[in-house]
Chemist: 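Supplied in structure tokens, the structure appears directly below.
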Amino acid sequence: MAIETSVGMSPVEAFALVGALGVGAQWVAWRFHLPAIVLMLAAGLLVGPVSGILDPARDIGPLVQPLISLAVAVILFEGGLTLDLHRLGDARQGVKRLVVIGAPLGWFLSTSALHWGAGLGWEASAVFGGIMVVTGPTVIAPLLRQAKLQRRPASLLQWEAIVNDPVGALAAVLAFEFVLVGRAAESFGAAVGQLLIGVLVAGVIGFAAGAGIAVAFRRAYVPEYMKVPVLFAVLLVAFAVPDLVLHESGLLAVTVMGLVIANADLPSFVELRRFKEHATILLVSGVFILLASSLDFASLGTLNWRAGLFIVLVVMVARPLTVLISLIGTDLPKRERALLALTGPRGVVLVAVAGLFGERLAAAGVDDGAVIGPLAFVLVLATVVLHGFTFAPLARALGLATTGNPGVLLVGGSRFTTALGAALKKEDIPVLVAEPNHARLVRPRSEGLPVFYGDVLGEAAEANLEVLTYRTVIAATENDAYNTLVATDLGPEFGRENVWQIARAKADGVRHALPSQLGGRAFGGSLSFEDIEKRFIDGWRIRVTRLTEEFTFDDWRKKRPDAVLLGRITDSGGFERFTRGDGELLFPTRADAEIDKMPEERRATAREELSQRRTEARKEAARARLGKGMRLISIVAPDKKEEAVGSSAELEPKPHGELPS
């Protein structure tokens with residue numbers, strides 16, 4: 001029961017609370033690997049119906065519904081903006097079937113489950129059934145990362161969610177408009193005619209808005225700094241104008257607008273994509289908190305055993321039949337079909353759109369409209385919890401999950417990357433060497449390393465690489481600019497802390513310094529490609545060293561004072577880089593030498609900063625990370641006399657000879 005409160009919050013306070021709860025729940029979910037939607041639901045219920053702290057109708061007033069409508073429009077625009085049809089790859093056939101056949105079939109089966117299972121009337125069932133076509137891209141992505149699913153089934157699930165996101169909303173819009181127009185029109189023919197006119201107007205406006213944006217951006221009619229504001233302003237217009245002809249048809253217009261822009265191949269599409277990602281995170285969080293806090297426990301109390309029957313029908317009948325029938329005649333293996341058939345989590349978009357249309361239907365006199373919101377919450381909660389706990393074990397049982405340690409993607413086919421890849425492979429860490437120059441793949445191929453011929457940033461790489469297999473990217477080509485481009489572009493996808501780059505040749509000069517948002521984390525100390533290549537030509541090599549009680553890190557450092565420590569292999573089998581801060585603590589003499597190479601005006605500041613970092617506590621912390629059983633990976637000078645492996649507790653791959661050109 002909610003706590004009675006006599007004084008509500010101001011609108012500003014309410015917005016601040018909604019933002020803090022929504023974004024905070026998503027951060028906590030990321031930090032502890034939990035489903036974000038469950039945390040947002042719990043937070044909204046806690047501050048809403050449980051405690052009564054937030055009541056959107058009381059604290060925000062009549063702005064709640066327009067804000068939710070606008071947020072849903074931006075979310076659907078984001079769905080359309082994600083539909084770049086050129087990126088489907090080998091999942092194209094399956095995705096096409098799941099959309100062309102699966103969406104209508106799923107709409108029909110979901111509508112039937114709602115009518116016969118939950119007991120809703122046909123009008124409410126048709127509208128909610130359309131929304132249920134959406135499988136939730138915001139929920140699918142964390143499941144794929146957690147299960148490390150193979151590329152093709154992962155692409156199928158991801159692209160089905162992306163494509164059906166706007167498709168399901170459009171189905172709901174059409175059904176909703178048909179219900180409203182049918183109730184207001186004098187005849188069935190008049191209702192159909194009014195509906196077709198509204199849909200046509202919305203489609204034309206959406207297409208014109210998207211095409212206009214594409215032309216204006218491509219021909220530089222809009223400066224770079226105004227592209228995102230112009231895009232957002234046009235989005236608002238495209239959403240508002242069609243509503244003058246047919247209520248809620250603006251949702252169709254913004255989805256078409258996003259689809260047109262996504263396939264226009266705009267040079268500035270990256271900035272637009274970042275805008276929609278950031279806006280969507282904020283709006284999805286806000287909408288979900290608002291809807292959850294507006295939920296009335298009395299409406300949940302109206303649900304009975306038929307709600308449970310409805311969920312069982314959706315999970316065990318509607319979803320499997322939709323997938324299996326849609327994929328008849330395709331070349332997909334049975335295991336992949338089974339995984340797709342048993343995976344159908346619903347997400348925030350379903351709750352947002354269902355809550356919006358449920359209230360619209362209730363206001364229009366459809367009695368069952370008030371039940372749609374609670375049913376949507378129950379369905380989302382049940383499917384997220386179910387698939388959150390069963391998806392990874394199911395993928396492993398079907399043999400569709402990548403197993404083993406987190407992998408390393410090496411960009412560049414040099415002596416260094418070949419030697420490092422061979423060392424990591426011996427330690428059972430998956431490795432892939434990507435190189436656009438075919439001749440430079442001879443060396444890694446001769447070592448038995450998996451290779452990818454092509455640009456790691458190209459469409460071929462996106463379509464063919466098992467990206468989820470790799471957690472770390474090391475950009476180590478001879479081209480500093482290309483390394484920076486790779487690290488900058490792949491940073492958002494892999495996480496900037498997992499994208500590393502060897503030092504640039506002129507990185508120390510003030511004139512050549514780059515802003516912190518460009519490039520990757522430092523790797524290999526201060527050695528540039530030329531420095532590393534020269535060492536390997538002179539006989540240096542990669543060595544793996546296991547630390548023991550008898551052979552500690554200090555022992556290793558005394559024995560290898562000139563070694564370049566690259567990283568360490570963790571107990572879980574992952575490869576972690578050795579940071580510059582660790583190096584300055586554990587190699588103080590070398591750190592002083594590096595400062596001596598700096599321009600004179602920077603030495604004093606650098607020495608002061610280094611002195612602050614040289615505290616005993618930090619030294620002990622760095623040594624603690626290199627305790628017993630730790631395996632170090634380093635570049636070492638050639639031994640004058642090869643020692644037995646057992647005597648020094650050092651394990652190293654055989655030196656790599658220079659191959660003929």
Side-chain angles (χ1 to χ4, degrees), residues 65 68-69 72 76 103-136 164 167-185 188 191-192 194-195 198-199 246-249 251-252 287 291-292 294-315 317-319 322 344 346-383:
Q65 288 308 314
I68 292 178
S69 297
V72 171
L76 292 183
L105 181 60
W107 187 3
F108 170 74
L109 292 175
S110 299
T111 300
S112 301
L114 284 163
H115 180 71
W116 302 110
L120 270 63
W122 284 113
E123 291 178 327
S125 297
V127 175
F128 192 17
I131 305 170
M132 286 174 56
V133 171
V134 178
T135 54
N164 278 346
V167 169
L170 294 182
V173 169
L174 293 177
F176 175 74
E177 298 297 348
F178 190 81
V179 169
L180 292 188
V181 173
R183 283 175 167 256
F188 178 79
V192 173
Q194 186 176 349
L195 180 63
V199 169
L246 186 65
H247 195 51
E248 300 298 346
S249 61
L251 298 176
L252 170 62
V287 167
L291 291 174
S294 300
L295 194 63
D296 185 2
F297 280 150
S299 62
L300 288 176
T302 61
L303 302 179
N304 51 28
W305 62 270
R306 301 195 70 165
L309 175 61
F310 157 68
I311 293 174
V312 171
L313 289 175
V314 170
V315 174
V317 179
R319 173 63 181 177
T322 298
R346 268 63 176 187
V348 178
V349 174
L350 181 137
V351 174
V353 180
L356 177 65
F357 284 135
E359 293 189 1
R360 295 283 194 273
L361 286 174
V366 179
D367 296 334
D368 294 331
V371 186
I372 289 180
L375 268 181
F377 273 104
V378 172
L379 175 63
V380 167
L381 184 61
T383 56

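Quick caveat, the model's predicted, so the values are computed rather than measured.
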Chemist: Considering residues at least two apart in sequence or located in another chain, which fulfil the side chain to side chain donor-acceptor pair (under 3.5 Å) criterion with Trp122?
Modeler: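 For Trp122 the side chain to side chain donor-acceptor pair (under 3.5 Å) partners, ignoring immediate neighbours, are His115.
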Chemist: Return the minimal non-hydrogen interatomic distance between Leu375 and Ala307, and the atom names on each side.
Modeler: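 Reported closest heavy-atom pair: CD2-CB, 4.0 Å.
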Chemist: Is any side-chain heavy atom of Asp368 less than 4.5 Å from a side-chain heavy atom of Leu361?
Modeler: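 They are not in contact (no side-chain heavy atoms under 4.5 Å apart), so the answer is no.
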Chemist: Can you find a pair of side-chain heavy atoms, one from Val314 and one from Arg346, that are under 4.5 Å apart?
Modeler: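 Yes, their side chains come closer than 4.5 Å.
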Chemist: Under the rule for side chain to side chain contact (heavy atoms under 4.5 Å, CB included), what residues qualify as partners of Leu109, not counting sequence neighbours?
Modeler: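 For Leu109 the side chain to side chain contact (heavy atoms under 4.5 Å, CB included) partners, ignoring immediate neighbours, are Leu105, Ala318, Leu321, Thr322.
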Chemist: Closest approach of Ala376 and Ala354, non-hydrogen atoms and distance?
Modeler: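 So the two residues come closest at CB-CB, 3.7 Å.
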Chemist: Under the ring pair (Phe, Tyr, Trp, His ring centres under 6.0 Å) rule, collect the residues that match up with Phe377, sequence neighbours excluded.
Modeler: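 Checked Phe377 against ring pair (Phe, Tyr, Trp, His ring centres under 6.0 Å); matches are Phe288.
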Chemist: Is Leu313 close to Leu114 at the side-chain level, that is, under 4.5 Å between some pair of heavy atoms?
Modeler: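 Side-chain contact under 4.5 Å: no.
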Chemist: Indicate yes or no: at least one non-hydrogen side-chain atom of Phe310 is less than 4.5 angstrom from one of Leu379.
Modeler: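 Yes - at least one pair of side-chain heavy atoms lies under 4.5 Å apart.
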Chemist: Please name the pair of heavy atoms, one in Ala370 and one in Ala362, separated by the smallest distance, quoted to 0.1 Å.
Modeler: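 Scanning both residues, the minimum pair turns out to be N-CB, 4.1 Å.
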Chemist: Looking at every heavy atom in both Val133 and Trp107, which two are closest together, and how far apart are they?
Modeler: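 What the structure gives for the nearest pair is CG2-N, 3.9 Å.
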